[in-house]
Amino acid sequence: MTSFLTHRARVHDARLPLRRRHNALRTCITLFAPYGFRATYHHLTLSAAIPRRLEADPDALVRAVEELHEARVLWLARAQEYAAWRRAEKRAGRRAVANPRPWWLRSWWEGQDRAWYEDPFRHPPLRLPEYVRRQNAILDGADLPGCPACGDARPLEPISTGHGGVGLCRGCAWAPVLCPCGHRHRHRLVPQVPYGWNEIWQRAHMSDDGTPNPHRPAG
């Protein structure tokens, strides 16, 4: 597979057709997606103001991939530090993985951000670099106020799991405490929200000028 930086360069290449540059952005997201692929793409359409018609603002693709790149640089630095620490731990005979594991190593079904996979509209409003900085700070022991993911300080939104309940952040549906039943992967953490991935991919929630479409709410 070609690298993130190769596809980032293709997004920047104005000689390429816009559809191909857009597909290069998609590949970059498959290689690094802090909110999960669909939620990260949805976030970038809003933060970079990617219009429904790419021809209306080709530079929006560059803004999107640069936000993603900035966040990835921050993640890479922290991941390399973690990898070096793990190597040192193993050499010292300590092979057990730290618990909780770093945020980028958690599977979607075990993390508090699972709702973003079930409802791509519920991701944090933070720019991706801000989210990565926040997660890295928490990993380093910082006690940040509000929701660990987005900083929202409002009371949690109660969600039923069928035999109990959990509380979700009202800003991004982060679940500080998951269902204690031991089968958390069986529960939806957000209500069933109908959405069509093709509509998100084609940016039906955006207008031609890059503003949110008032007739097709983005979440």
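Values in this document were obtained by computation on a predicted structure and should not be read as measured data.
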Side-chain heavy-atom pair Leu74, Leu128 within 4.5 angstrom cut-off: no
Flag side-chain contact, heavy atom, 4.5 Å: Trp174 against Cys150: no
What about Phe32 and Ile29, same hydrophobic cluster or not, with Ile/Leu/Val/Met/Phe/Trp/Tyr joined at side-chain heavy-atom distances under 4.5 Å? yes
Please determine if Glu81 and Arg78 form a salt bridge, counting it only when a charged side-chain N lies under 4.0 Å from a carboxylate O. yes
Are Arg10 and Leu25 packed together at the side-chain level, in the sense that at least one heavy-atom pair is separated by less than 4.5 angstrom? no
I want to check something: taking the side chain as every heavy atom from C-beta on, are Cys169 and Pro176 in contact at a cut-off of under 4.5 Å? no
Provide the full list of ring-ring contact (aromatic ring centres under 6.0 Å, His included) pairs with a residue in residues 43-70, sequence neighbours left out, each pair given once. Tyr35-His43, His43-His123
Could you check whether Tyr82 and Trp103 have their ring centres less than 6.0 Å apart? no
Are Leu54 and Arg21 side-chain neighbours, meaning at least one heavy-atom pair lies under 4.5 Å? no
What one should report as the nearest heavy-atom pair of Ala204 and Asn213 is O-ND2, 3.3 Å
Does some side-chain heavy atom of Leu68 sit less than 4.5 Å from a side-chain heavy atom of Pro34? yes
Under 3.5 Å: donor-acceptor pair, side chain of Arg8, backbone of Val65: no
Shortest non-hydrogen separation from Glu199 to His205 and the atoms involved: O-ND1, 4.4 Å
Name all residues meeting the side-chain hydrogen bond (donor to acceptor under 3.5 Å, both in side chains) criterion together with Tyr41; count only those two or more places apart in sequence or in a different chain, and write none if there are none. His22, Arg203
Side-chain contact test, heavy atoms from C-beta onward, threshold under 4.5 Å: evaluate it for Leu18 versus Leu61 and give yes or no. yes
Carboxylate-amine/guanidinium proximity below 4.0 Å for Arg20 and Asp13: no
